[in-house]
There are 2 protein chains.
Amino acid sequence: MRLSTKGRYAVTAMMDIALHNDVGPVTLADISQCQGISLSYLEQLFAKLRKGGLVEGVRGPGGGYRLARPASEISVADIIQSVDEKLDMTKCGGRGNCSRGETCLTHQLWFELSCNLYRFLSGIKLDQYVNRPEINELVKKQDRQYGRFINRPQAMA
Amino acid sequence: MRLSTKGRYAVTAMMDIALHNDVGPVTLADISQCQGISLSYLEQLFAKLRKGGLVEGVRGPGGGYRLARPASEISVADIIQSVDEKLDMTKCGGRGNCSRGETCLTHQLWFELSCNLYRFLSGIKLDQYVNRPEINELVKKQDRQYGRFINRPQAMA
DNA sequence: TAAATTCCTGACTAATTTAGTCAGGAATTA
DNA sequence: TAATTCCTGACTAAATTAGTCAGGAATTTA
């Protein structure tokens, strides 16, 4: 069982944006450099995040992406599902017609697993991480290292 | 996030064996036909399950596979991990050196997710399902449909 | 208004993983 | 000795993931 980098990247990028939400839009170029993700690939992911209503793009100089709603209303499950990762572990999409029309021997197991997963991930909102001191430390360190937001006073607060 | 058919097949096959544990060894040919899994592929999976100490093979006519320990001591996590599926969702293997030696922004999140997953799946043992009436119904139906164990009286009990 | 910046799109390619095939040998039973 | 079943390793096909590339559209600032 694995989480592809697609979902991983998406959550990381969203976290980056959430952590700078008070500073202003964050460019994909910044995220690319700072989090080590290919820019073109990020663009593909953000097309989906936009369609999913999680972020909005701001074009032109000084633009970038910002959250489309408060960080407290964006869960990790929302993000992962937006980029097409499914949290459903049944092979039948929960319909129970997995084995020649009947449910398969393990249907119930995967169904319960999916519920567990969904409950867990939809309970985690971005703001929970934004408020953790150790994560804030990490971000400030990154920002200094890459000289991000160097001309925006709030960022240095 | 997805569970590959590798893990899914492995658990299904193990469930099949557990459900016939009182009848005797179950052949891969039977599992293949009944659960719709390619025989050669099953053989690959069972090589791993054997190495993992979950099943033992019995060669020769009347042979097959049986559980290497009681169904109450085999968890779904055991099975999935035996066939190389990882339950670790961090990309650093839990070591925390994900982003140029430091932990990445999302390390903690994936770590907590992994713990949750592992706790859930290692809490589910095969015998819990063997004892569910609806699953027993399903198996008996399958057995009749494919004429399995037709010459072994216990199976029809 | 021109230049710079950034989002935005679609088509393409490379790499990896998953799923499955094939050929044949080894142990056991009847 | 013949049938059955496990067991092994090498190979192939298909799917998915990850990433590239080329270029256009909107916006801001000079």
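Proteins get letters first, then strands, A, B, ... in listed order; numbering begins at 1 in each.
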Give a yes/no answer on whether the side chain of A/S40 brings an N or O atom under 4.0 Å of OP1 or OP2 in D/dG19. no
Nearest-angstrom distance from the residue atom CG of A/L39 to P of D/dA18: 17 Å
When rounded to whole Å, the OH to P distance for the pair B/Y41 and D/dC6 reads 18 Å
Which word best sums up how the rings of A/Y41 and A/Y9 line up, parallel for under 30°, tilted for 30 to 60°, or perpendicular for over 60°? perpendicular
Rounded to whole Å, how long is the line connecting atom CZ of B/R59 with atom C1' of C/dA30? 18 Å
On DNA chain D, does the nearest nucleotide to A/G60 precede the nearest nucleotide to A/T5 from the 5' side, or the other way round? Give the residue. A/T5
Taking NZ from B/K6 and P from C/dA19, how many angstroms apart are they, rounded to a whole number? 7 Å
Value in whole Å for how far the P atom of D/dT17 lies from CG of A/L3: 11 Å
D/dA18, OP1 or OP2 - any side-chain N/O from A/S4 closer than 4.0 Å? yes
Just N and O in the side chain of A/S38: are any of them under 4.0 Å from OP1 or OP2 of D/dT20? yes
Which one is paired to D/dT12, where only Watson-Crick or G-U wobble pairs with both distances under 3.5 angstrom count? C/dA19
NZ of B/K48 versus P of C/dT18: gap in Å, rounded? 9 Å
Does B/R50 pair with B/E56 as a salt bridge, N-O distance under 4.0 Å? no
Rounded to the Å, how far apart are B/R2 CZ and C/dT17 P? 12 Å
Taking only N and O in the side chain of A/R50, is any of them less than 4.0 Å away from OP1 or OP2 of C/dT9? yes
Does a side-chain N or O from A/Y65 land closer than 4.0 Å to OP1 or OP2 of C/dC8, or not? yes
Go through the side-chain N and O atoms of A/N97 and A/E102 and say whether any donor and acceptor fall under 3.5 Å apart. no
Side-chain donor-acceptor contact under 3.5 Å, A/H20 with A/D143: yes
A/Q44 CD to C/dC12 P, straight-line distance once rounded to whole Å: 14 Å
Less than 4.0 angstrom between a side-chain N/O of A/Y9 and OP1 or OP2 of D/dG19, yes or no? yes
Determine, for A/E112 against B/R132, whether the closest basic-nitrogen to carboxylate-oxygen distance falls under 4.0 angstrom. yes
